[in-house]
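To keep things clear, I will list the structure first and then write my remarks on it.
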Amino acid sequence: MSALLNAHHLTLELPIFLQADRSARSWFSTLWGAAFDPPKREFRTILDDISFSAAEGDRIGIVGRNGAGKSTLLRVLTGAYQPTRGWLDIAGSRQALLNISLGFNGEATVRENVILRGTAMGLRTRQLRELMEPVLEFAELGEKANHRLKTLSSGQRLRLGFSIATAVQQDIMIMDEWIGAGDASFIKKARDRMRGRVDGAKIVILASHNFSLLKDVCNKGLVIEAGRLEYFGSIDESLKEYERILQRAPVASPAD
Ligand SMILES: Nc1ncnc2c1ncn2[C@@H]1O[C@H](COP(=O)(O)OP(=O)(O)OP(=O)(O)O)[C@@H](O)[C@H]1O
């Protein structure tokens, strides 16, 4: 089956909680403010009418200033956020590589965490059974399979997260930066696996500030400024457009 990802007029409004400025004149006014002056809720448009299409073979780099809306757009593309308006047409399986440590439970064992994360990724019981040993082996955590996750070092947890997140080849890969994890020897292994997964994916969407990585991986680019789509075209033109944007004074982000 061929893969596609078409975004139509994606718009996302999120609530922002604004706290009135409470300069602490006294402990009483601080307490009074905390008790009787709750934050005000306002809605801000974080993404504004974004449309683009990705077909098989497309590797799209998303660029924009800090706070432009790149990660939020990725979250909409992975389905983590429902757009307020607009819709997505998607064919093919999606793999989000946004936060590889998300969803771990420190009290559960390493093996149980593989099941938890694998289930959240939509893997079936049989698939999980087949993947368990390869995932533990790749993470080099076979001997710790029955240890509680909270007893692992942070590097070991990252290796486990990486190993699960990249265990299966999906059609559409959606990534916030190029993930790598672990010490020098693991990083080499992780890089090879990432390259394999990117090469094997039918569509890749990668948000990054790293121009050389974007030029290396992507053939198309999408430039976002203050939640709006400024440019969608070749990666070279997109990076030029982004450089032009950086020369301009920042436009107030709709979220500010
Ligand atoms: N859950 C949320 N609630 C309210 N505002 C949010 C939320 N998540 C993000 N924002 C706001 O939306 C805007 C876009 O954030 P986003 O993380 O998508 O930016 P980005 O382009 O990925 O930035 P960076 O390059 O710094 O990672 C920011 O102004 C941010 O403060």
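We count ligands from 1, going down the list as the structure has it; atoms in each ligand are counted the same way.
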A student comparing P15, G69, G67 should find that the heavy atom closest to atom 23 (O) of ligand 1 comes from G67

Region of L73 engaging ligand 1 - heavy atom pairs below 4.0 Å: neither

Reference residue D49; test side chain to side chain donor-acceptor pair (under 3.5 Å); the match among H9, R85, H8: H9

With a 4.0 Å cut-off on heavy atoms, is G64 in contact with ligand 1? no

Does ligand 1 have an atom under 4.0 Å from some heavy atom of R65? yes

Where does H209 meet ligand 1, judged by heavy-atom distances below 4.0 Å: at the side chain, the backbone, both, or neither? side chain

Under a 4.0 Å N-O cut-off, is there an ion pair linking R228 with E230? no

Within a distance under 4.0 Å of any heavy atom of Y81, pick out the atoms of ligand 1 and give their elements. 1 (N)

Check each of E225, R75, K70 against atom 20 (P) of ligand 1 and report the one with the nearest heavy atom. K70

Side-chain ion pair, K240 and E237, N-O less than 4.0 Å: yes

Heavy atoms only, cut-off 4.0 Å: how does L14 contact ligand 1, side chain, backbone, both, or neither? side chain

Decide, yes or no, whether a salt bridge links E140 with K189 under the criterion of side-chain N to carboxylate O below 4.0 Å. yes

Using a 4.0 Å cutoff against the non-hydrogen atoms of N66, which atoms of ligand 1 qualify? 23 (O), 24 (P), 25 (O), 26 (O)

Using 30° and 60° as the class boundaries, would you call the ring planes of F138 and F186 parallel, tilted or perpendicular? perpendicular

F52-Y231 aromatic ring centre distance below 6.0 Å: no

Using a 4.0 Å cut-off to any heavy atom of I16, which atoms of ligand 1 qualify? 4 (C), 5 (N)

F211 vs Y242 aromatic rings, parallel, tilted or perpendicular, using cut-offs 30° and 60°? tilted

What do we get for I46 next to ligand 1 when only non-hydrogen atoms under 4.0 Å count, side chain, backbone, both or neither? side chain

Give a yes-or-no answer on whether the side chains of R193 and T166 include a donor-acceptor pair shorter than 3.5 Å. yes

